[in-house]
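In what follows, every chain begins at residue 1, and chains take the letters A, B, ... in the order their sequences are listed. Since the structure is predicted, the reported quantities are computational estimates derived from the model, not experimental observations.
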2 protein chains.
Amino acid sequence: MKKKFTIYDIANALNITAATVSRALNDNPNISKATKELVLKTAEKMGYEQNKLALALKSGKSNNVGVIVPRIDSNFFGSVIRGIEEELNPFGYHVIICQTNGDEAKEIANIDALLNSQVDGIFISTSSKDVASFERILRKDVPLIFFDRKKTMNNVSSVTINDFDGGYKATKHLIESGCRQIAHFSGDLNIEIFNDRFTGYKQALTDNGIDYIEEYVVKTRSNVEDGKKAVKKLLKLKNPPDAIFSSSDWDALGAIQELRAKNYKIPDDISVIGFSNEPFTKFMELSISTIDQFPLDMGKITAKVFLEQVNNSEKVKIEKKVVLEPELIIRKSTKKTLPKK
Amino acid sequence: MKKKFTIYDIANALNITAATVSRALNDNPNISKATKELVLKTAEKMGYEQNKLALALKSGKSNNVGVIVPRIDSNFFGSVIRGIEEELNPFGYHVIICQTNGDEAKEIANIDALLNSQVDGIFISTSSKDVASFERILRKDVPLIFFDRKKTMNNVSSVTINDFDGGYKATKHLIESGCRQIAHFSGDLNIEIFNDRFTGYKQALTDNGIDYIEEYVVKTRSNVEDGKKAVKKLLKLKNPPDAIFSSSDWDALGAIQELRAKNYKIPDDISVIGFSNEPFTKFMELSISTIDQFPLDMGKITAKVFLEQVNNSEKVKIEKKVVLEPELIIRKSTKKTLPKK
DNA sequence: TTATTTTTGGTAATCGATTACATAAAACGA
DNA sequence: TCGTTTTATGTAATCGATTACCAAAAATAA
């Protein structure tokens, strides 16, 4: 077993006390230069490294933040986390990752675990219907910030994109390119982002005098298989759609694969637009129109909001709701031309 | 300020000592049932949660592991981390993420920070030329495991794929499909994985009686731009290649974009094969042949090797070198036919 | 030379949980 | 009834670093 050296070891070696060593290492003004140099030299020689755990226990600050996401191996969440890490690292914070796979129970378990480990903040893209566990975070006075998938709560900051606008823009684009029977892959409508996209979709229809047809809306779960299934279902309708606005790029991909397998022409027979701007949408045979959510920025801004909050001299409560504007990206899977009329 | 309750608060409330409370909470057999129930009830009522920091300081175990990667927003590393997290979470471990962007100084800084925070293990995909910082980890007796980008060190476990084999398989496939002038995008040859792929490439050439031509090897940095540049360079040769084996999917993508812009036919004029099986390679107009590295498995196995190591009753030193077998995935960017002869 | 101030460093409590050791009370046997 | 075992809990040290408070030594003033 190798030995880990502490300030007490340094103190013993120099016949001084740990308090002096601690002060010397922290460059405290009432330690003489001679002693400081001696301590520093000895620390160096022994390979001393500060135990952050002891410091964290004493100070109540762990310098860790927890990030809870459905999954980390998607480009979107990977980019958000990258943004958070890059922004926080210079301030000495570390990022603890937790995955929920969209499971509410796992999300609660993760929150508990993070609270136990005394993280200095929790950033979450939630999959929960309930806010009870978030209230527990607030009760412990731990900064909580939602990103992407938020819950609306008082005194809690959030960084999201305007999903309503994203849904609106995507749908409007389809309408402007001549489509009238526009289907929607919705995702779980209990989750705000999906509900907002859906609402944006409906609003765009209304604003353009198009009737909302309930059977055009299919609930999907952001994967290729669900996209295929959804298309199959839609094609069986007596009046199949001429466009699909999918709330996820993965469903859109599934839809496109299924449509092409059935020899539909995209975008001529059916236009398809996704959501998220996953890298693959750009490189595909038939590049997919989509909505960019700027995940890297979202991560960085989330981190900044957190930093503001902890540096706020703890007096006034900050509630900051940052809403990023999504961007429509038009590619080959939707028509660029104007209405046929 | 909200109050965080400790075992002392419970002890005071019940007029017993913290020791008893601690024992009751840990279901110690020599605490009476009555007291246990009382303590449990009071803890519940107060919303008590154990402070893991205090526990970690006392026990010397933080239940955190550090994972150091060049970047987290790539499918490959995202998947590895997902695998690690999934495997370790049931055992109560949390994963701290650090990014280096391939910068050696940042890697060292991250290692220092992780050691300071007393992590129970460090998993790293290294970008360093030097092993000095890893020796510091070992000196502190912290388990160290390399994955993907390793250094060869005694007493250190690693989980990698057989990059030599990957390079060999890719090159052999190109040869078998009739190519003879095979170029290679190499990456930084100081990094073992790239060097191994390169060696596999050369070996496949040799085994098939093809001369190794130095000017066919271009150093790239795993991004689209470098792939384009590399192709431009190769096409200027008096004897341009008829195939490219790229050590990265991103360079391969750049190469393909550049080649198509110049009206080369793929795979007829030039075959291209990448490395990693990034999702986009599958969905592209011209799907890209590549080598699968099974990143999720790599993460899970890395975690398992770690668990074995810490459960090893700390007596015998374990050095486990796991090498996964990569898989050739043939798609449209390479010919499937046999040699034209 | 004595009193006062300034330097410098020591003492001991603290953060929250665990645990070896000690001890009081209850239960038991003879 | 007295000694012995068992049961249940208390006491105090420990993990490593910080810091309010105090005290000796040195420097300065009177």
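Salt bridge annotation for B/Glu37-B/Lys41: absent, with no cationic side-chain nitrogen under 4.0 angstrom from a carboxylate oxygen. A salt bridge links A/Glu308 with A/Lys320; the closest basic N to acidic carboxylate O contact falls under 4.0 Å. Between B/Glu85 and B/Lys300, none of the side-chain N atoms (NZ, or NE/NH1/NH2) sits under 4.0 Å from a carboxylate O, so this pair counts as no salt bridge. A salt bridge between A/Glu192 and A/Lys151 is absent, with no side-chain N of the basic residue lying under 4.0 Å from a carboxylate O of the acidic one.
Remark: P of C/dC15 and CG of A/Asp120 are 18 Å apart, rounded to the nearest angstrom. A straight line from CZ of A/Arg23 to C1' of C/dG10 spans 8 Å, rounded to a whole angstrom. Atom CD1 of A/Ile10 and atom C1' of C/dG9 are 16 Å apart (whole Å). The CG atom of A/Leu53 sits 14 Å away from the C1' atom of D/dT14 (whole-angstrom rounding). To the nearest angstrom, P of C/dC15 lies 10 Å from CG of B/Asp9. Here C/dT8 presents its C1' atom at 15 Å from CG of A/Asp27, a figure rounded to the nearest Å. The separation between B/Lys33 atom NZ and D/dT9 atom P is 13 Å, rounded to whole Å. Per the geometry, NZ belonging to B/Lys52 stands 11 Å off P belonging to C/dA17, to the nearest Å.
Set against D/dA17, C/dG16, D/dT11, the side chain of A/Ser22 has D/dA17 as its closest nucleotide. Of all nucleotides listed (D/dA17, D/dT19, C/dT19), D/dA17 comes nearest to the side chain of A/Ile7. Distance from the side chain of A/Thr20 is smallest for C/dG9 among the nucleotides D/dT18, D/dT9, C/dG9. For A/Gln50, the listed nucleotide lying nearest its side chain is D/dA17; candidates were D/dT9, D/dT19, D/dA17. Distance from the side chain of A/Ala19 is smallest for C/dA12 among the nucleotides C/dA12, C/dG9, D/dT11.
Among the heavy atoms of the strands lying under 4.0 Å from A/Thr17 is at least one base atom, whether or not backbone atoms are also near. Residue contacts for B/Ile16: at a heavy-atom cut-off of 4.0 Å it reaches the sugar-phosphate backbone alone, with no base atom in range.
B/Thr35 has a side-chain polar atom (N or O) that falls below the 4.0 Å cut-off from OP1 or OP2 of D/dT9.
Residues A/Asn51 and B/Asn28 each lie close to DNA chain D; by heavy-atom proximity, the contact nearer the 5' end of the strand is made by B/Asn28. Mapping A/Pro29 and A/Tyr8 onto DNA chain C by nearest heavy atom places A/Pro29 at the nucleotide closer to the 5' end.
B/Ser117 and A/Lys52 get closest at one heavy-atom pair: CA-CB, 3.9 Å.
Atom NZ of A/Lys321 sits in a crowded spot, with more than 12 heavy atoms from other residues, nucleotides or ligands closer than 6.0 Å.
Taking 4.5 Å as the limit, some side-chain heavy atom of B/Tyr48 sits within range of a side-chain heavy atom of B/Ile10. Contact annotation: the side chain of B/Val65 never approaches that of B/His94 to less than 4.5 Å [non-hydrogen atoms, C-beta and beyond].
Taking five base pairs at each end of the helix from C/dT1-D/dA30 to C/dA30-D/dT1, the local helix axes there meet at an angle of 60°, rounded to 10°.
Annotation: A/Phe146 is in aromatic contact with A/Phe134 [ring centroid separation under 6.0 Å].
One finds the CD1 atom of B/Ile96 at 6.5 Å from the OG atom of B/Ser62 (value rounded to the nearest 0.5 Å).
Interface residues of residues 54-64 of chain B facing DNA chain C, ordered by number: B/Ala54, B/Leu55, B/Lys58; criterion, heavy-atom separation under 4.0 Å.
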